[in-house]
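The next block holds one structure in the form of structure tokens; read it before the comments.
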Amino acid sequence: MSAWSRTELMAVVMARAFRDREVVVMGAVPALPLAACRLAKALHAPGLSYLVGGSGTVDPKPAALPSQSCDPELTGGPCTLPLHEVVLLEGRGDALDVFCAGGLQIDANGNCNLVCVGDHARPKLRGPGSVGLPFLSAVKRVVIYTMAHNPRTFVERVDFVSGAGDRAELVVTPLATMDFDGSHRMRLASVHPGVTAQEVVEATGFELAMPPSVPETPEPSREELETLRALDPEGLLRR
Amino acid sequence: MSAWSRTELMAVVMARAFRDREVVVMGAVPALPLAACRLAKALHAPGLSYLVGGSGTVDPKPAALPSQSCDPELTGGPCTLPLHEVVLLEGRGDALDVFCAGGLQIDANGNCNLVCVGDHARPKLRGPGSVGLPFLSAVKRVVIYTMAHNPRTFVERVDFVSGAGDRAELVVTPLATMDFDGSHRMRLASVHPGVTAQEVVEATGFELAMPPSVPETPEPSREELETLRALDPEGLLRR
Amino acid sequence: MTRFLDPAEAAAELVPAGSCVAVGGMHTTSAPMALVRELVRQEIRIGRLVTSPSTSIQADLLIGAGLVDELVAPYVGFEDLGLAPCFRRAVEQGTVRLLESDEGGLTHALYAGSAGIPFVPLPPGIEHSDIPASCPELYQQVDDPFTKERRWAVRALRPDVALIACAEADGEGNVAFGRPPFTDRVMALAARRLVVQVERLVSSEAIAEREPGTTLPAFLVSAVVVAPGGCLPTAAAGFYPRDEAALRDYLEAARS
Amino acid sequence: MTRFLDPAEAAAELVPAGSCVAVGGMHTTSAPMALVRELVRQEIRIGRLVTSPSTSIQADLLIGAGLVDELVAPYVGFEDLGLAPCFRRAVEQGTVRLLESDEGGLTHALYAGSAGIPFVPLPPGIEHSDIPASCPELYQQVDDPFTKERRWAVRALRPDVALIACAEADGEGNVAFGRPPFTDRVMALAARRLVVQVERLVSSEAIAEREPGTTLPAFLVSAVVVAPGGCLPTAAAGFYPRDEAALRDYLEAARS
């Protein structure tokens, strides 16, 4: 078995964060959180449920990881809810446990921005828009993930709050994992193998809270990696 | 062909009142308005649609007239809407044209009461409740029908307004048809064959507005009666 | 994780005394009677009973057993078969506290409950009825912040538990309605817990083949109760019609 | 009575210039592209374009053609394929008036529009986002008459016409979705007129065999447009996947 990719490690880290019986919701480009959910369900969280927001599909088991949220492969799942009803459940507050989210910008308090870089009235960059991110405040906990760990993405304060960071618990990037300190400021939690704390600090556009010592993210176990690769026969997470 | 029954005449009178392309909605115990809709659609209103409120079924063509609104025979219709969506359309105001309604009490202004006779806090008679009658004010026109043309049903003022009479255009009973005058007071429009205006006046618990002369309700034509009976092979309207 | 219980267990473990209970089924169709009968047998007090826009024996039986403190039901009756005897008597004698409501108000209140929405303004027309003014607990007036018009609004309803009857479930707890949904989907989504009575168990593949929007995922289903014939004497579309003789017998027996 | 039109007729006769147009389909799935392309070809100006919670080429193409004055769209993008080039450019250059919105607000606004409800309060959480304060036209605060708490509310949306893509229609104009409904049902119900693009015509019996709640009755359908392949380059579930090469070509061509 070849060495794991950074994206595979991210999937493993996210999977470890999901608990049995939780209901996890994800949005656009669901391959990574979907892989993480299936991995968690296979290994330590058999009662986990996951909901692909765009299509409304619950617990889909596609033969390969989908590149998009409304992939017809997904909607063959055991149950597809109308997206309208997903919206109801997102607002209800006690139906969904974990929201997997990201952003053009992610700030020191975990706020996410999918709207714009620069002034809202005349943005330098217009993003796609907020979609369901206001519901971040309605779930129990939020896992933030992004492939872009750089100072443009990780900023002291987002230019626009699409969804608030008040429930954010974990941030997963190709370089590190982060959690939040007592004042809910993002804190380095572990660096991935081969990455130094200094590299993470330099890739982050604000001053990360630092723990007394920074552990290394545990590598994927053989079982984790084998299970994950069986879910990803096309190697989407290795590209 | 045997002589028509009073109920058959009521169905014919209601059918004549429906116009092509109207959408007609009915509630509990739909046999009579359903027969009237199908008759109108067969004869002069091919573009009519009808919606059985309880079940949400549109344009059902059951082999015999149903005794209840959620009859499994009905829900085989070409399309069944969730009742939830029927509620949406009832409120929308421009989706449904005609509401067929009735009441424990019907008053001189066409208000309908399905709630109580006597004081609301301590009723002499408790009725089933108002269901969708508040939507009477949201359709274009209301057709009121009742099998009980007597002074207890037809009262000057209902004890409780379930649905308002402001859109009421036609009232059909086993004795007569009524419309509304310029001040929206119920007015005798025609007496059924064999019934005198005096009998109708005595069966009505308030002073009916009277036209200069009272015509007789035209009998069902041969075509109307043949068509109607084909829709009612079990003779539900002849009991 | 969905539990698989018999009706007695479901009633005992998932319907706390004094709670707000929603009971589905429309008129004399698709009522979860196996569960309702257990509430009666175990004499579980219901703080507030919420029904479909039109309900019949599923409410009348509970009222007749003296178990219902407060009732939200826009229509209780047996349609062509007659008035609801226990409901009528209880309201006339003041032994149940009825919150006057209408179909639109109830449905939108459940929608609000399912979505975390606190209240919903109602479409125009309701102000011509005596309903909202007679029930300030459910209906209040609010100023439209966009048009400044004054409108009636209904308060969200969030039942503690909903009891509904569907056709099928799989071994995971995924459910297929297999019948007209009426307002039972929004009732199911509005409740904190959901107990679904089904006619039979089927494979997960059978549930997956159902059309999108006609099933419910296991994570919403607290318990499945397999109860073939469990809607009787009401109908279960695709399985059996209502038992008219039994319904008439009930009406006769409940008359006094 | 439902009319049967070709895409050009439907666009010309049912989409008045300057009106509020809703376009269905989610991400790169089930977009009514045959109709959208006709709007572009006929250069029909859109006063306000309302989309699904997530939209892609069905909005980007209209924006790129310079036809959209005002836009209500919580997400415009191509998901894994990239950002929406025309949308991005138009917003950055200020050539489209974007009303900032979110998935919940849009969906409840369409629900309100479908039901004659003037506005809907939103679930808690929205106050932590910058969205409502940035769009007073859609979001205002209201006092809950029951709890006296101040809440954000969204104004009802009633498109003049909705364009959606479904699987099948019969000769009467009854329609079967034959796919996940996303939010297209409530969009269809909220619109004053509804144009449904379908892959094929089928018998009325075939529509009747569909499960309750997965079809729309003819009386709601102003026109049916039979357009096999008409969702391309987006997908039509059960018929064809999205055409990724064509979508990439579009993104490349639209970049400037």
Side-chain angles (χ1 to χ4, degrees), chain C residues 26 29-30 103-105 107-109 111-126 132 136-158 167 176-186 209-215 237-238, chain D residues 26 29-30 103-105 107-109 111-126 132 136-158 167 176-186 209-215 237-238:
Chain C
M26 191 63 190
T29 299
S30 301
E103 177 176 57
T107 305
H108 296 310
Y111 181 84
S114 75
I117 291 170
F119 68 95
V120 178
L122 294 173
I126 189 78
E137 213 161 319
L138 293 183
Y139 300 86
Q140 285 288 338
Q141 288 186 296
V142 65
D143 290 317
D144 182 333
F146 298 96
T147 64
K148 312 303 172 199
E149 281 174 51
R150 201 147 179 76
R151 306 297 288 262
W152 282 103
V154 69
R155 188 173 200 166
L157 285 171
R158 279 222 67 191
F177 267 69
R179 62 166 175 91
F182 310 124
T183 53
D184 280 3
R185 283 190 78 88
V186 74
E209 279 165 16
R210 294 281 191 169
E211 291 212 57
T214 67
T215 56
Chain D
M26 190 67 188
T29 299
S30 302
E103 177 177 56
T107 306
H108 295 311
Y111 181 83
S114 76
I117 291 170
F119 68 94
V120 178
L122 293 173
I126 189 77
E137 211 161 321
L138 293 182
Y139 299 87
Q140 285 289 337
Q141 288 188 296
V142 65
D143 290 317
D144 182 332
F146 298 95
T147 64
K148 311 302 172 200
E149 281 174 52
R150 202 148 179 75
R151 306 296 290 260
W152 282 103
V154 68
R155 188 173 199 164
L157 285 171
R158 278 222 69 189
F177 267 68
R179 61 165 176 94
F182 310 124
T183 53
D184 280 3
R185 283 189 77 87
V186 73
E209 278 166 18
R210 295 280 190 170
E211 291 210 59
T214 67
T215 56

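Below, chain A is the first sequence line, B the second, and so on; all start at residue 1.
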Answer yes or no: is there a side-chain heavy-atom contact under 4.5 Å between D:Thr147 and C:Arg155? yes
Region of D:Arg210 in contact with chain C, defined by heavy-atom distances below 4.5 Å: both
D:Phe146 to C:Gln140 - nearest heavy-atom pair and separation: CE2-CG, 3.3 Å
Parallel, tilted or perpendicular: rings of C:Phe119 and D:Phe119 (30°, 60°): perpendicular
For C:Pro212 versus D:Pro181, what's the shortest heavy-atom pair and its separation? CB-CD, 4.0 Å
Who among C:Ala237, C:Ala153, C:Pro136, C:Pro118 has the most heavy-atom pairs with chain D under 4.5 Å? C:Pro118
Give, as side chain, backbone, both or neither, the part of D:Tyr139 having an atom under 4.5 angstrom from any heavy atom of chain C. backbone
Of the non-hydrogen atoms in C:Val142 and D:Asp143, which two are nearest, and what is the gap between them? CG2-O, 3.7 Å
What part of D:Ile126 gets within 4.5 angstrom of chain C, counting heavy atoms only: side chain, backbone, both, or neither? neither
Could you go through C:Tyr111 and D:His108, starting from their C-alpha distance and side-chain angles, then the distance that decides it, and tell me whether this counts as side chain to side chain contact (heavy atoms under 4.5 Å, CB included)? CA-CA 10 Å; C:Tyr111 181 84; D:His108 295 311; 2.8 Å; yes
Only pairs of heavy atoms separated by less than 4.5 Å count here; which of C:Gly104, C:Gly125, C:Pro145 has the most with chain D? C:Pro145
Heavy-atom proximity to chain C below 4.5 Å, by part of D:Arg151: side chain
Which region of D:Glu149, side chain (C-beta onward) or backbone (N, CA, C, O), has a non-hydrogen atom less than 4.5 Å from a non-hydrogen atom of chain C, or is it both or neither? neither
Scanning both residues in full, the closest heavy-atom pair of C:Pro121 with D:Pro121 reads CD-CD, 3.9 Å
